[in-house]
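Notes follow once the structure below has been shown.
Every value quoted in this text rests on a predicted model; they were computed, and no experiment measured them.
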Amino acid sequence: MKWRCVDMTSRDCSKSCHPALGLFVHTLKRQTGITLLATAFLFLICPGILWRNIRNSWGNVYEFNEALPMWSMVIFFGALILGVILLCFNHGHLFSKKTADLYYALPVKRDVLLTIRFGSSVIGAAFAMSVSFAGLSFLALVEDAAFSELCQLYFLTFLQLLLCLSAVLIFVVNAGSIFNFLFSAMVVCVGIPVMCLIGFYWYYDQAYGVVSEGTWLQYTSPFGYAVCQFALFGESNGFTPIWVSIAGILLFLTISFLLHHYRRTETAGGKYAFSIAALIITTLASGVGGYLIGLLFSEGNPGEDGFWFFCVVGAALTALASGAIISRGFHRIRKWLLCAAVSVALLVVMGVTAENRAQKDTAYVPELEDIASITLEEGYNHPKVVFTSDFERFTELHNRMIDVYMGTEECASNQYDTVVPYNALHNDLIESAIYITYTLKDGKTVQRYYWVDDAIGLSLMLDIMQTDTYAQSFVLEGKEETELYIYGSELNSDVLDG
């Protein structure tokens, strides 16, 4: 018997043969069953459950337009789960040494192979998403809803789906097995936002009176960013979310293609294609674990003396556990302990940096020549007042509030803390709030928010209350009463000038 072996190379293929196209069609056929099954389940959830809710509204008007962002997010997560399954299914050759050599021997370049597999996964997930949105479109016609809003949500869902799948592709390309892929994706996608949240918490807990919503935290995870886009849908953000999503997609795909290009074939079926991945994962897990264990044994207060001791112990234990999971045993213990030391050092640097920045922002008062206007908001029965003059009185008031809180100025009533930030409220005797917004000449704003004890609030605010702008604001608001309740006490308006 004679055997004939023909090498599969691009030169040997005829002009009518397209290996890349054939592989693409073959991949789509292989994933058809999974795609159709997941599409059916997703269609039952949405619009199936939504249609049931509309039918069970019992004659009440169902707020269809208000519910669209939430149901779009449900479709997004369903399509995302399908996309992750398809990525693992189509990139199975990266997790098996038996099939890795076979796929890389095909007359298709590595970048083209990755494009085919990733594109097929995106098509499958987008198909399930589109079928569910088609059902939503039918319900929108029945409910006479805004079809343009549904089209915007479809585009937003697809964009966020592509963003998250591009991020997941990095972990798929870097992992040597499905388990390691899931472990690395979970640790990194949770560890980075949690570490950033720890730094923000340390800063915010010490930045007295500083108003910061922490909107930058949404950029620490593509999944968190996607959720925020659905939650903030309808707000006027311009094209910023679109450009951020596109930039993220290009960045993640570039990293994925570079990793796949330099990945060695023999790493299939191992731990990770690049050894540095295990170090990064262990360091993140160690930092988060050390911080949580430190909080657990210090009554939730990082300022306690025992926090750092238990933080170091927790970081070491978490690093050993993470290393054991990655290496399938307690090997290279010194390397995992080194990762724990690095994570503790990062926590120390974060804590010191957050404290220094918090002290600087707490004592910051804008310069008089930089202020364009000042907006004052207070508690009950007080209007919002915009000042375009008398800035010196305001900055003096602000400095006094800072001095009172920091203990450098004596108060008339020194039994309790009299000026505290709203994020450090700790007793029931503080009732009045002062909310100051500086609008600077360069267009920026500086916001401060303090809770003020009633016993000292009037003495602090008396200079501001005696200005013409403040007195006239009550007339503009329709408040012409001669008796006003200011800081819990009845005060005759004759006290105020004008």
Side-chain angles (χ1 to χ4, degrees), residues 27 31 34 76-77 79-97 99-100 103 110-111 113-122 124-125 160-196 219-227 245 247-288 318 321-328 339:
T27 305
Q31 70 181 30
I34 300 176
F76 161 75
F77 278 110
L80 178 61
I81 293 174
L82 173 60
V84 173
I85 294 174
L86 291 178
L87 281 177
C88 295
F89 181 71
N90 291 329
H91 291 86
H93 59 280
L94 298 177
F95 309 139
S96 174
K97 293 182 179 180
T99 57
Y103 274 90
R110 280 197 170 201
D111 295 341
L113 177 62
L114 183 63
T115 303
I116 292 172
R117 294 299 194 174
F118 177 71
S120 301
S121 303
V122 172
Q160 302 311 312
L161 176 65
L162 189 58
L163 173 67
C164 293
L165 289 180
S166 302
V168 172
L169 183 62
I170 297 177
F171 302 103
V172 173
V173 170
N174 185 56
S177 65
I178 294 180
F179 176 81
N180 286 336
F181 152 68
L182 294 175
F183 183 73
S184 62
M186 180 185 66
V187 171
V188 174
C189 293
V190 175
I192 291 179
V194 170
M195 290 291 286
C196 294
Y219 299 106
T220 59
S221 170
F223 307 100
Y225 179 76
V227 172
S245 300
I249 292 170
L250 295 177
L251 175 63
F252 295 146
L253 288 179
T254 301
I255 296 175
S256 300
F257 275 86
L258 287 175
L259 291 176
H260 186 260
H261 183 77
Y262 291 103
R263 175 189 172 114
R264 293 184 298 178
T265 307
E266 57 269 21
T267 57
K271 300 179 183 67
Y272 292 100
F274 302 92
S275 57
I276 193 174
L279 300 178
I280 295 175
I281 294 168
T282 305
T283 302
L284 284 175
S286 176
V288 174
T318 308
S322 177
I325 293 174
I326 294 174
S327 60
R328 307 295 193 274
C339 293

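How far CD1 of Ile255 is from CG of Leu251: 4.0 Å, rounded to the nearest 0.5 Å. Note that CZ of Phe89 is 8.5 Å distant from CZ of Arg117, once rounded to the nearest 0.5 Å. Rounding to the nearest 0.5 Å places CG of Leu165 at 12.0 Å from CD1 of Ile170. Expressed to the nearest 0.5 Å, how far CD1 of Ile178 lies from NE2 of His91 amounts to 12.0 Å. Rounding to the nearest 0.5 Å gives a distance of 3.5 Å between CD1 of Ile326 and OG1 of Thr282. Between the CG atom in Leu253 and the NE2 atom in His260 there is a gap of 13.0 Å [rounded to 0.5 Å].
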CA sep, side-chain torsions, deciding dist, call: Leu161, Val122, side chain to side chain contact (heavy atoms under 4.5 Å, CB included):
CA-CA 8 Å; Leu161 176 65; Val122 172; 5.9 Å; no

May I have the step-by-step check of side chain to side chain contact (heavy atoms under 4.5 Å, CB included) for Phe171 and Leu259, ending in yes or no?
CA-CA 10 Å; Phe171 302 103; Leu259 291 176; over 6 Å; no

Hey, mind stepping through Leu169 and Phe252 against side chain to side chain contact (heavy atoms under 4.5 Å, CB included) and telling me if it holds?
CA-CA 8 Å; Leu169 183 62; Phe252 295 146; over 6 Å; no

For Tyr225 and Cys164: C-alpha separation, side-chain torsions, deciding distance, then whether side chain to side chain contact (heavy atoms under 4.5 Å, CB included) applies.
CA-CA 9 Å; Tyr225 179 76; Cys164 293; over 6 Å; no

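Counting only heavy atoms from C-beta outward, the side chains of Val227 and Phe77 approach each other to under 4.5 Å. A 4.5 Å side-chain heavy-atom check between Pro193 and Ser221 finds at least one atom pair inside the cut-off. Arg110 has its side chain within reach of Thr265: a pair of non-hydrogen atoms, C-beta onward, lies under 4.5 Å apart. Residues Phe183 and Tyr272 are in side-chain contact: their nearest non-hydrogen atoms beyond the backbone lie under 4.5 Å apart. Two residues are said to be in side-chain contact when any heavy atoms from C-beta on lie closer than 4.5 Å; Phe95 and Val172 meet this criterion. Residues Phe181 and Leu94 are not in side-chain contact: their nearest non-hydrogen atoms beyond the backbone lie 4.5 Å or more apart. The shortest distance between side-chain heavy atoms of Thr220 and Met195 does not fall below 4.5 Å. Put simply, the side chain of Thr318 does not reach to within 4.5 Å of the side chain of Val288, judged on heavy atoms.
When every heavy atom of Ile281 is checked against every heavy atom of Ser184, the shortest pair comes out as CD1-CB, 3.2 Å. Contact detail for Thr254 and Leu250: the closest heavy-atom pair is OG1-O, 2.6 Å. Residues Val173 and Ser256 come closest through the heavy atom pair CG1-O, 3.9 Å. Here the shortest heavy-atom pairing between Leu163 and Ser245 reads CD1-O, 3.8 Å. Closest heavy-atom contact between Ser327 and Gly323: OG-O, 2.7 Å. Taking every heavy atom of both residues into account, Thr283 and Cys339 meet most closely at OG1-CB, 3.6 Å.
Within the structure, side-chain hydrogen bond (donor to acceptor under 3.5 Å, both in side chains) pairs that include any residue of residues 171-181 comprise Ser177-Asn180, Asn180-Arg328 (at least two apart or interchain).
Partners of Ser121 according to the side-chain contact (heavy atoms from CB on, under 4.5 Å) rule, which considers only residues two or more places apart in sequence or in another chain, are Leu86, Leu87, Asn90.
No donor-acceptor pair under 3.5 Å is formed between the side chain of Gln160 and the backbone N or O of Phe76.
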